[in-house]
Trainee: 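Structure incoming, see below.
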Amino acid sequence: MPAPSAPARLGDAAGTLRLLAYLAAGVTLAVLDHRGGWMHHLREQVGVVVEPVRAVAGLPGRVADSTVDNVATVAQLAHRNDQLRRELLISQARVARLSTVITDNARLRALLDAAQRGGLDVQLAPILDVDLDPTHQRVVLDAGSRDSVREGQSVIDAYGLLGQVTHVGPLHSDVLLITDPDHAVPVALARNGVRLVAYGTGRSDLLSLANVPLSSDIKVGDTIVTSGLGGRFPPGFPVGRIVALRPDESRAFLEGDVRPAAQLDRGREVLLLRSNRISLPPPPMPPQATTGGPASAVGMAGEPGGAPTTTTATQPASTSATPPTETRTTPSRAPDTAPASQTPANPPPGGR
């Protein structure tokens, strides 16, 4: 093998010297950095200079990542928004339904409370259809003959009289409301018992009084109730309240407007009275005279339009002049003086 030439040996020696110099420089720098920390400061300064370059170089990647994240976030938010909107609509529908249920429960509770307070024998019937035409005020009930509904039954709600059953089918029945133009209700003033008749007007919020005598003790604000005359409606049920009074065209009588007590234009259930023979407290009557004589004998007949009253007088058995029969009928208004031929020789106590 031939010996290396002189230039080759010189090149190898130079490379070895450079390597030793690099090693020496590295060791020196490491020792100096360890002792003085000046390389750390140098790296910090270089980092400050290089940071803008690195930020610009990484900007496209960050923009791409941000765009992808934003697109995904918008899609998620849109989906969540639609979901929340659907849930809100469902919740609103449930709240509306609950409000209706609460109202229905309150109405049913009022109906049942009214029946319990009055000790009424009633049955609950739902309303199937309503006809409030000005010429035809009626409702159809979802109850018929199979539910023991019969013609002539009185229909009420929690506040007063609604009407009466006029037609009964196997499944449904028709109720004529008191506001129907063809309907009339015998009524009486709850304050003093004056008897009147309330007529339907074709409006669900109005009844009328006609041919009211000018001398009647009646005024705006009086409550009228069923009088029980005719046997169609039981006595004592509220019919309405008088809201206006005025003279009629002849100026000989009064006309009145009555606001019905029953809620004719609302509600989904009514009460049917199974019997019209109901014992209710009578309306308050005017005070009667407590002393004997004609005033106590007349009693209720002294009122306008009062019915005749039968008065029976008693006489001790020892009085021989007493007529054999002392029962007589006193007219509605007793005359101030009676013929002499009608006066017994020895009038009994309390007689005329």
Side-chain angles (χ1 to χ4, degrees), residues 103-104 106-107 110-111 114 125-142 151-167 172-191 194-214 216 218-230 232-273 283:
T103 303
D104 291 342
R107 188 178 297 111
L111 287 173
I127 295 177
L128 183 63
D129 191 16
V130 179
D131 186 3
L132 296 181
D133 188 85
T135 60
H136 201 68
Q137 297 271 309
R138 305 189 183 189
V139 297
V140 179
L141 303 182
D142 191 14
E151 291 186 8
Q153 277 189 277
S154 299
V155 183
I156 64 172
D157 66 359
Y159 307 98
L161 183 67
L162 278 170
Q164 60 178 312
V165 178
T166 56
H167 174 74
H172 311 300
S173 54
D174 297 336
V175 175
L176 182 68
L177 299 180
I178 59 175
T179 52
D180 188 276
D182 296 331
H183 198 279
V185 184
V187 297
L189 294 183
R191 179 170 54 87
V194 173
R195 290 185 289 273
L196 304 167
V197 178
Y199 299 93
T201 62
R203 292 175 49 182
S204 60
D205 61 345
L206 186 65
L207 298 172
S208 68
L209 300 174
N211 301 325
V212 181
L214 294 175
S216 298
I218 183 174
K219 59 184 179 180
V220 174
D222 280 343
T223 298
I224 60 174
V225 297
T226 52
S227 64
L229 295 180
R232 176 63 69 178
F233 301 105
F237 279 98
V239 176
R241 183 177 298 275
I242 298 175
V243 295
L245 287 172
R246 58 186 175 277
D248 62 2
E249 295 180 356
S250 66
R251 300 289 177 175
F253 296 94
L254 294 176
E255 295 178 346
D257 295 336
V258 178
R259 180 176 293 114
Q263 295 183 347
L264 301 170
D265 57 347
R266 64 197 66 183
R268 300 198 299 179
E269 294 85 11
V270 296
L271 294 177
L272 296 173
L273 297 180

Trainee: Can you list the residues that meet the salt bridge (Lys or Arg N to Asp or Glu O under 4.0 Å) rule with Asp174, with sequence neighbours excluded?
Mentor: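 Asp174 satisfies salt bridge (Lys or Arg N to Asp or Glu O under 4.0 Å) with no residue once adjacent residues are dropped.
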Trainee: Quick one: list whatever passes side-chain hydrogen bond (donor to acceptor under 3.5 Å, both in side chains) with Arg251, sequence neighbours left out.
Mentor: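 If we apply the side-chain hydrogen bond (donor to acceptor under 3.5 Å, both in side chains) test to Arg251, skipping adjacent residues, there are no hits.
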Trainee: State, to 0.1 Å, how close Leu229 and Pro186 come at their nearest heavy-atom pair, and which atoms those are.
Mentor: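 Looking at all heavy atoms of both residues, the closest pair is O-CG, 3.6 Å.
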Trainee: Supply the atom-to-atom distance Asp257 CG to Leu245 CG, rounded to the nearest 0.5 angstrom.
Mentor: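 That separation rounds to 8.0 Å.
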Trainee: Taking salt bridge (charged side-chain N to carboxylate O under 4.0 Å, His left out) as the cut-off, I'd like each qualifying pair that reaches into residues 221-230, sequence neighbours left out, listed once.
Mentor: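 Those involving residues 221-230 are Arg191-Asp222.
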Trainee: Would you kindly say whether Gln164 and Ser154 are connected by a side-chain donor-acceptor distance under 3.5 Å?
Mentor: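 There is no such pair between these side chains.
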Trainee: What I want to check is whether the side chains of Thr223 and Arg241 have a donor and an acceptor closer together than 3.5 Å.
Mentor: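 There is such a pair between these side chains.
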Trainee: To the closest 0.5 Å, what do you measure between CG (Asn211) and OH (Tyr199)?
Mentor: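 OH of Tyr199 is found 6.5 Å from CG of Asn211.
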Trainee: Please list all pairs meeting salt bridge (charged side-chain N to carboxylate O under 4.0 Å, His left out) that have one or both residues in residues 131-142, counting only residues at least two apart or in different chains.
Mentor: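 For residues 131-142, and leaving out neighbouring residues, there are no salt bridge (charged side-chain N to carboxylate O under 4.0 Å, His left out) pairs at all.
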Trainee: For Asp248, what residues pass the side chain to side chain contact (heavy atoms under 4.5 Å, CB included) criterion, not counting sequence neighbours?
Mentor: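 In terms of side chain to side chain contact (heavy atoms under 4.5 Å, CB included), with neighbours along the sequence ignored, Asp248 is linked to Ser250, Phe253, Glu255.
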Trainee: Could you pull out the closest heavy-atom pair between Val197 and Ala184, with the gap in Å?
Mentor: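 That closest heavy-atom pairing would be CG1-CB, 3.9 Å.
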Trainee: So Leu141 and Leu272, do their side chains get closer than 4.5 Å, heavy atoms only?
Mentor: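 In short, these two side chains touch, coming nearer than 4.5 Å.
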Trainee: Just by distance, do the side chain of Thr201 and the backbone of Leu206 share a donor-acceptor pair under 3.5 Å?
Mentor: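 Yes; judged by distance alone, with no hydrogens or angles, the pair exists.
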Trainee: To the nearest 0.5 Å, what is the distance between CG on Leu189 and OG on Ser216?
Mentor: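 These two atoms lie 8.0 Å from each other.
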Trainee: Taking atom CG of Leu128 and atom OG of Ser173, what is their separation to the nearest 0.5 Å?
Mentor: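 Leu128 atom CG to Ser173 atom OG measures 9.5 Å (nearest 0.5 Å).
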Trainee: Using side-chain heavy atoms (C-beta onward) and a distance below 4.5 Å, is Leu214 in contact with Leu254?
Mentor: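 Side-chain contact under 4.5 Å: yes.
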Trainee: With no hydrogens and no angle check, is any side-chain donor or acceptor of Glu269 less than 3.5 Å from a backbone partner on Pro126?
Mentor: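 Side chain of Glu269 to backbone of Pro126, a donor-acceptor pair under 3.5 Å: no, none is there.
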Trainee: Who passes salt bridge (Lys or Arg N to Asp or Glu O under 4.0 Å) against Arg203, sequence neighbours left out?
Mentor: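 Arg203: salt bridge (Lys or Arg N to Asp or Glu O under 4.0 Å) contacts with Asp205.
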Trainee: If we only count heavy atoms from C-beta on, is the Val155 to Leu177 side-chain gap below 4.5 Å?
Mentor: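 Side chain of Val155 against side chain of Leu177, heavy atoms only: no contact under 4.5 Å found.
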Trainee: To the nearest 0.5 Å, how far apart are CG in Leu162 and CG in Leu271?
Mentor: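 So the gap between those two atoms works out to 9.0 Å.
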